[in-house]
Amino acid sequence: MNTSLQRHRQRTRRTQSQVAEMLLTTKPNICNVERGRRNLSADIIMTGFERCDDPIFLTDINFEISNGYSTPSYNEEVYDDHRICIKERLLNEIKEAVEVLNHIRIDKRPDYCTKEEIENVRKIAAETYDVVFEAQSLINKIILDYNFNPQELAQSRNQRLKMERRI
């Protein structure tokens, strides 16, 4: 968590006091987290998801608490994060995923697949992960550039998905 917190403070130019206020904790607690002496508690993480306006920080925390299962955020040092560049990368990843989906069959039961067929299915998962990564990057960039509230966007999405009975 210390890396996520430090990246957030560098990116947003917030002080430890400002971050502590946002997360409803103390400045010494933030200092201890940044120095690796303490972890963020579940309550503080939940407060971050409720109050933080930085989607990259939210993505980083989610990635860390899921032990790498959820989508990571991009590396600002090597990644061109202009929204048009991200959009183009997303479109390219979608094309690659569609190509793989069109050429690899997944109608066979896994019990009857050969090792080669299993590896091909793994390619589908990998290409889909690439799409999800670029999509999350574009969402984060749009939130930052247009000053959208990430919690409101997520709430709107969740309401729509519930109405469609998808969740």
Side-chain angles (χ1 to χ4, degrees), residues 1-27 29-34 38-98 100-101 124-167:
M1 296 294 167
N2 60 341
T3 306
S4 298
L5 210 47
Q6 289 169 341
R7 283 181 61 196
H8 168 71
R9 286 200 329 102
Q10 288 170 352
R11 186 176 45 262
T12 61
R13 293 178 173 42
R14 289 182 175 151
T15 65
Q16 288 180 340
S17 296
Q18 290 170 318
V19 171
E21 184 179 322
M22 175 187 67
L23 297 177
L24 303 178
T25 188
T26 64
K27 180 184 172 193
N29 193 29
I30 296 300
C31 181
N32 286 329
V33 170
E34 285 188 353
R38 178 175 281 158
N39 289 323
L40 288 176
S41 71
D43 288 340
I44 293 173
I45 290 170
M46 289 305 298
T47 300
F49 282 119
E50 293 168 3
R51 297 178 47 116
C52 183
D53 60 351
D54 178 12
I56 295 172
F57 180 57
L58 299 176
T59 302
D60 283 345
I61 286 181
N62 197 31
F63 182 70
E64 288 180 22
I65 64 173
S66 71
N67 201 23
Y69 181 74
S70 65
T71 305
S73 63
Y74 56 83
N75 181 336
E76 297 106 348
E77 294 175 14
V78 296
Y79 192 82
D80 187 348
D81 71 342
H82 192 282
R83 61 187 172 275
I84 294 172
C85 294
I86 299 171
K87 174 188 154 193
E88 291 303 315
R89 281 194 302 272
L90 174 58
L91 290 171
N92 185 52
E93 293 297 345
I94 290 170
K95 287 177 193 172
E96 290 177 13
V98 167
V100 168
L101 286 166
I124 291 174
E127 289 299 332
T128 304
Y129 268 139
D130 291 347
V131 170
V132 170
F133 173 78
E134 294 297 346
Q136 186 64 56
S137 298
L138 184 59
I139 291 166
N140 289 349
K141 188 62 177 172
I142 287 170
I143 288 170
L144 291 172
D145 287 358
Y146 292 93
N147 294 315
F148 291 152
N149 181 306
Q151 290 81 5
E152 287 176 9
L153 282 178
Q155 186 177 23
S156 296
R157 175 208 57 210
N158 294 345
Q159 286 174 345
R160 181 176 39 79
L161 294 174
K162 284 178 184 176
M163 285 177 33
E164 296 168 357
R165 294 186 174 184
R166 292 169 64 187
I167 60 171

* Asked: Which is it for Q151 and E50 under the side chain to side chain contact (heavy atoms under 4.5 Å, CB included) test, yes or no, and what are the steps along the way?
  -> CA-CA 7 Å; Q151 290 81 5; E50 293 168 3; 5.6 Å; no
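- Shortest non-hydrogen contact noted between Y146 and R83 is OH-NE, 3.3 Å.
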* Could you please spell out the steps behind the side chain to side chain contact (heavy atoms under 4.5 Å, CB included) verdict for N29 and I44? => CA-CA 10 Å; N29 193 29; I44 293 173; 3.2 Å; yes
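- Atom-to-atom distance recorded for N32:CG and Q16:CD is 9.0 Å, nearest 0.5 angstrom.
- The minimum heavy-atom distance linking G48 with L58 is given by the pair O-CD2, 3.4 Å.
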* Run the numbers on L101 and I124 for side chain to side chain contact (heavy atoms under 4.5 Å, CB included), then give the verdict. => CA-CA 6 Å; L101 286 166; I124 291 174; 3.6 Å; yes
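- Closest non-hydrogen pair, R9 versus R14, comes out as NH1-O, 2.9 Å.
- Side-chain contact check for N92 versus E88: every heavy-atom pair is 4.5 Å or farther apart.
- Screening T59, N62, D60, N140 against S73 for a side chain to side chain donor-acceptor pair (under 3.5 Å) leaves a single residue, D60.
- Proximity of T15 to K27: side-chain heavy atoms (C-beta onward) are nowhere separated by under 4.5 Å.
- Taken from CD in Q18 to NE2 in H8, the straight-line distance is 9.0 Å, to the nearest 0.5 Å.
- Atoms CD1 and CD1, on I45 and I65 in that order, are 5.0 Å from each other to the nearest 0.5 Å.
- Within a 6.0 Å radius of CD1 in I84, no more than 12 heavy atoms belonging to other residues, nucleotides or ligands are found.
- L90 approaches A135 most closely through the heavy-atom pair CD1-N, 3.7 Å.
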* To do: Let me see the working for E64 and S4 under side chain to side chain donor-acceptor pair (under 3.5 Å), right down to the final yes or no.
  => CA-CA 8 Å; E64 288 180 22; S4 298; 2.2 Å; yes
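- I30 CD1 to M22 CE: the interatomic distance, rounded to the nearest 0.5 Å, is 7.5 Å.
- Contact of the F57 side chain with the L5 side chain is registered, since non-hydrogen atoms from C-beta on lie closer than 4.5 Å.
- Side-chain contact between I86 and E134 is present, with at least one heavy-atom pair separated by less than 4.5 Å.
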